[in-house]
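Everything below concerns the one structure shown next.
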Amino acid sequence: MEFRMLAPAAPECEQLAQWYHAQWGKDAGFTLEDERLRLRKPKDAQGFPHLLAAIDDGQVVGACSSSAVRCPVFPSMSTGWEACMWPTANAGEGWPARLSNTQ
């Protein structure tokens with residue numbers, strides 16, 4: 001497994017947009033296209049947003065993103081925020097278990 005910082009135009013962003021939309025976006029009234037556009041936004045002067053993808057056997061298996069702006073889905077949260085998505089993980093199995101067992 002490898003971890004890769006993704007550029008806004010990275011092909012892996014399509015999978016992430018689908019996951020983010022299914023998990024949070026659709027319930028908050030965002031469309032899949034809204035998620036795609038959010039992931040394509042250029043980075044600001046501080047390099048935000050950061051998008052780190054976990055790649056296993058050539059497939060995106062998870063991601064963490066961080067932003068320096070307020071989360072539109074959860075506006076009560078503080079200004080900066082992080083979100084993680086690991087939809088391919090099963091509790092106690094797969095790469096998350098492998099990661100925790102290596103320490």
Side-chain angles (χ1 to χ4, degrees):
M1 179 185 331
E2 65 177 299
F3 295 92
R4 200 181 305 158
M5 292 299 285
L6 299 182
E12 295 87 354
C13 289
E14 177 59 28
Q15 179 66 65
L16 298 178
Q18 291 175 21
W19 286 342
Y20 288 172
H21 180 256
Q23 183 66 34
W24 300 297
K26 68 180 178 183
D27 291 338
F30 295 108
T31 66
L32 178 56
E33 186 60 22
D34 292 334
E35 295 295 344
R36 288 179 180 129
L37 291 172
R38 185 181 63 78
L39 289 171
R40 287 187 206 131
K41 282 185 181 175
K43 296 183 180 295
D44 68 15
Q46 289 77 37
F48 286 101
H50 298 291
L51 184 56
L52 177 68
I55 312 289
D56 194 21
D57 290 328
Q59 300 294 315
V60 179
V61 295
C64 287
S65 58
S66 62
S67 176
V69 298
R70 195 171 304 279
C71 177
V73 178
F74 302 105
S76 62
M77 293 175 64
S78 63
T79 303
W81 59 277
E82 256 184 50
C84 294
M85 175 69 67
W86 309 109
T88 62
N90 295 317
E93 300 176 16
W95 67 265
R98 291 196 318 254
L99 277 177
S100 64
N101 290 332
T102 61
Q103 299 179 12

Side chains of [X] and [Y]: closer than 4.5 Å at any heavy-atom pair?
{"X": "Glu12", "Y": "Leu51", "value": "no"}
{"X": "Leu6", "Y": "Leu52", "value": "no"}
{"X": "Arg38", "Y": "Tyr20", "value": "yes"}

field: More than 12 heavy atoms from other groups under 6.0 Å of CG on Asp57
entry: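 No.
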
field: Glu2, CD: over 12 other non-hydrogen atoms inside 6.0 angstrom
entry: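 More than 12 heavy atoms, drawn from other residues, nucleotides or ligands, come within 6.0 Å of this atom.
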
query: Does a salt bridge link Glu35 with Lys26, judged by any charged N lying under 4.0 Å from a carboxylate O?
result: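 Answer for the salt bridge query: no.
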
Cluster overlap Leu32 with Leu39, hydrophobic side-chain contacts below 4.5 Å: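 Cluster IDs for Leu32 and Leu39 differ.
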
task: To the nearest 0.5 angstrom, please state how far the CZ atom of Arg40 sits from the CD atom of Glu14.
output: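 These two atoms lie 7.5 Å from each other.
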
message: Go through it in stages, so that I can follow the logic: the residues are Val61 and Ile55, the test is side chain to side chain contact (heavy atoms under 4.5 Å, CB included), and I'd like the CA-CA distance, side-chain angles, deciding distance and then a yes or no.
response: CA-CA 6 Å; Val61 295; Ile55 312 289; over 6 Å; no

task: Identify the heavy atoms of Cys13 and Ala7 that sit nearest to each other, and give their distance.
output: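 In terms of heavy atoms, the two residues are closest at SG-O, 3.7 Å.
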
